[in-house]
Each structure stands twice: as structure tokens, then as C-alpha cells.
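Report on one structure; see the data block that follows.
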Amino acid sequence: MKLLKDKVKSEGLVLAKGVLKVDSFLNHQMDPFLMREIGREFKSRFADERITKVLTIESSGIAPGIMTALELEVPLIFARKQKSLTLTEDIFVEKVYSFTKRETNEITVSKKFIAPGERVLIIDDFLANGEAAFGLARIVEQAGASVAGIGIVIEKSFQPGRGLLLEAGYRLESLVRIASLDDGQVAFVEETP
Ligand code: G4P
Ligand code: NA
Ligand code: NA
């Protein structure tokens, strides 16, 4: 996706340890025009999947998630990282280990929002090790629903997430793929046209 790639080139900052800082349009300040295009792009890629719901995880997944849900004309659910005070009903819980933060979080979704037989599209801002995506997929499967696809805004292709998700049989669509962040430079995966 050219618009997104240009944005990464002009505004992305490479931090130490293979981390890309994109807080001017994705992780802190958010660009609504870019988000709208991201929603349209995911819609076109998953148009044939009969999606009934979009599922993401708070907080940075919500913006691309809601725009995708708007385009697909289905609801968005976001998994919570902290247990909600008002969440008194039955919940699905999965553990997600964060390599960047070196901690395990429990993510939760209320059982009332995913029904058996639904076709759920998982959306997230980054794919690194795939922990968040697998946690969300396990929640969908716990519900007796199926994962219709996984849509990622920025994939760090040099980390294991992509390979693990494909190996597990999921359909993965990443809008931008980063081959390396070595020497302070962003190198993109060359897409074959
Ligand atoms: P994983 O889910 O793919 O295994 O990723 P990991 O544990 O490594 O990442 C933990 C958090 O860091 C996630 O956000 C993830 O989106 C984000 N992340 C991973 N690599 C990068 C990167 O290179 N740049 C940026 N900007 N973020 C990265 P989170 O903690 O859930 O935060 P948020 O959604 O509230 O922003
Ligand atoms: Na994030
Ligand atoms: Na995220």
C-alpha cells in the first residue's frame, strides 16, 4: 500500500532493537485519512471472506479496526488488556506474552459478542512475534467461530510472526512489510507485482 509505505518512509523512526516508531500517524497521533484508506484496503483484500465481525486489541488496533469494520459494514470488537469493572458477564480469556515488554497479559472478550459460526477478521497495527494475533485467534476459536483472515498494518517480516501464522494455516494480509530495520534504515520487502 503506497500511501502507507510513503508515510513509514517519511515519518517512521528506527529505534534500537528492531523497533519502528510511528507515533505521528499510528501509535499516538493518528491520521484519520490514512486510517480510512487502510479500512478500504482491508475491505478490498477480504471482500470475498463473508466477514461477520472484526476483532482487534486495544489500543492501537482500534483505529484501523474500526475503519475496516465500517467499510465491511460489520461491528468491531476490541479485546481488553485490563479486566473491565463493568464486565460482569462470562468472558473468553487468553494469555499473550509480549516480547517487547517481557510480560504476560491476559486479554479478554465478553462471550456475548462472538457467536458460534461467525467469520471473524482479526486486525492489528503491528505483527512481530505473532503473540497478539494468536491470542485473538484462540479467542475466536474458543467461541466456535472461525478466523476468516488476519490483517496487519505493519509487518516486521524479520520476526517470526508471519511464518508462524502462515504455518498455522491463517490467511494473512499485511499492508506494509518490513524486511529489516538494520543500521537505522527501513528496508521494505520487495513485492512482486
Ligand atoms: P507480537 O504481538 O507480534 O508478539 O508483538 P510484541 O509482543 O513484540 O509487541 C508488543 C507490543 O508492541 C504491541 O503493542 C505491538 O503492536 C507493539 N510492537 C511490536 N513491534 C513494534 C514496533 O516495531 N513498533 C511499534 N511501534 N510497536 C511495535 P501493544 O503493547 O499492544 O500496544 P498498543 O496497541 O497499546 O499500542
Ligand atoms: Na501497538
Ligand atoms: Na497492537
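Atoms within a ligand are numbered from 1 in the order they appear, just like the ligands themselves. Note that the numbering runs from 1 along the sequence shown for the chain.
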Residues sharing Val19's hydrophobic cluster, by side-chain heavy-atom contacts under 4.5 Å among ILVMFWY, directly or via others?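 Joined to Val19, directly or through intermediates: Leu15.
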Within less than 4.0 angstrom of ligand 1, does Gly130 place any heavy atom?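 Contact present.
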At under 4.0 Å between heavy atoms, is it the side chain or the backbone of [X] that contacts ligand 1, or both, or neither?
X      : result
Val96  : neither
Asn27  : side chain
Lys101 : side chain

Could you name the option among [options] that has the heavy atom nearest to [atom]?
atom                    : options                     : value
atom 21 (C) of ligand 1 : Lys21, Arg102, Lys156       : Lys156
atom 28 (C) of ligand 1 : Phe99, Phe126, Phe78, Tyr97 : Phe126
atom 19 (C) of ligand 1 : Ala128, Gly135, Pro160      : Ala128
atom 33 (P) of ligand 1 : Gly18, Gly12, Ser60         : Ser60

Please confirm whether [X] comes within less than 3.5 Å of ligand 1 when only nitrogen or oxygen atoms on both sides are compared.
X      : answer
Lys81  : yes
Ala132 : yes
Asp124 : no
Leu181 : no
Leu20  : yes

Numbered atoms of ligand 1 (with element) below 4.0 Å of Ser98, judged on heavy atoms: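 By the 4.0 Å cutoff, the relevant atoms are 7 (O), 10 (C).
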Counting from 1 in the order shown, the ligand 1 atoms closer than 4.0 Å to a non-hydrogen atom of Asn129 are 1 (P), 3 (O), 4 (O), 8 (O)
Quick check: does any side chain N or O of Glu58 sit under 3.5 Å from a backbone N or O of Lys81, one acting as donor and the other as acceptor?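 Yes: the side chain of Glu58 pairs with the backbone of Lys81.
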side-chain hydrogen bond (donor to acceptor under 3.5 Å, both in side chains): pairs with one or both residues in residues 141-155, sequence neighbours excluded: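 Found Glu94-Gln142, Glu141-Tyr170, Glu155-Ser157, Glu155-Arg162, Glu155-Ser174, Glu155-Arg177.
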The Na ion (ligand 3) -> Asp125, closest N, O or S atom is OD1
Can you name the N/O/S atom of Asp124 that is nearest the Na ion (ligand 3)? OD1
Please lay out, stage by stage, how Asn27 and Phe126 fare under the test side chain to side chain contact (heavy atoms under 4.5 Å, CB included). CA-CA 10 Å; Asn27 288 142; Phe126 268 89; 3.6 Å; yes
In the structure I gave you, are the side-chain heavy atoms of [X] and [Y] within less than 4.5 Å of one another anywhere?
X      : Y      : answer
Phe188 : Lys9   : yes
Phe158 : Leu181 : yes
Glu41  : Glu37  : no

Note: Arg40-Glu71 ion pair, threshold 4.0 Å (strictly below):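 Salt bridge: yes.
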Could you tell me whether [X] atom [atom1] has more than 12 heavy atoms of other residues or ligands within 6.0 Å of it?
X      : atom1 : value
Lys111 : NZ    : yes
Gln185 : CD    : no
Asp48  : CG    : yes

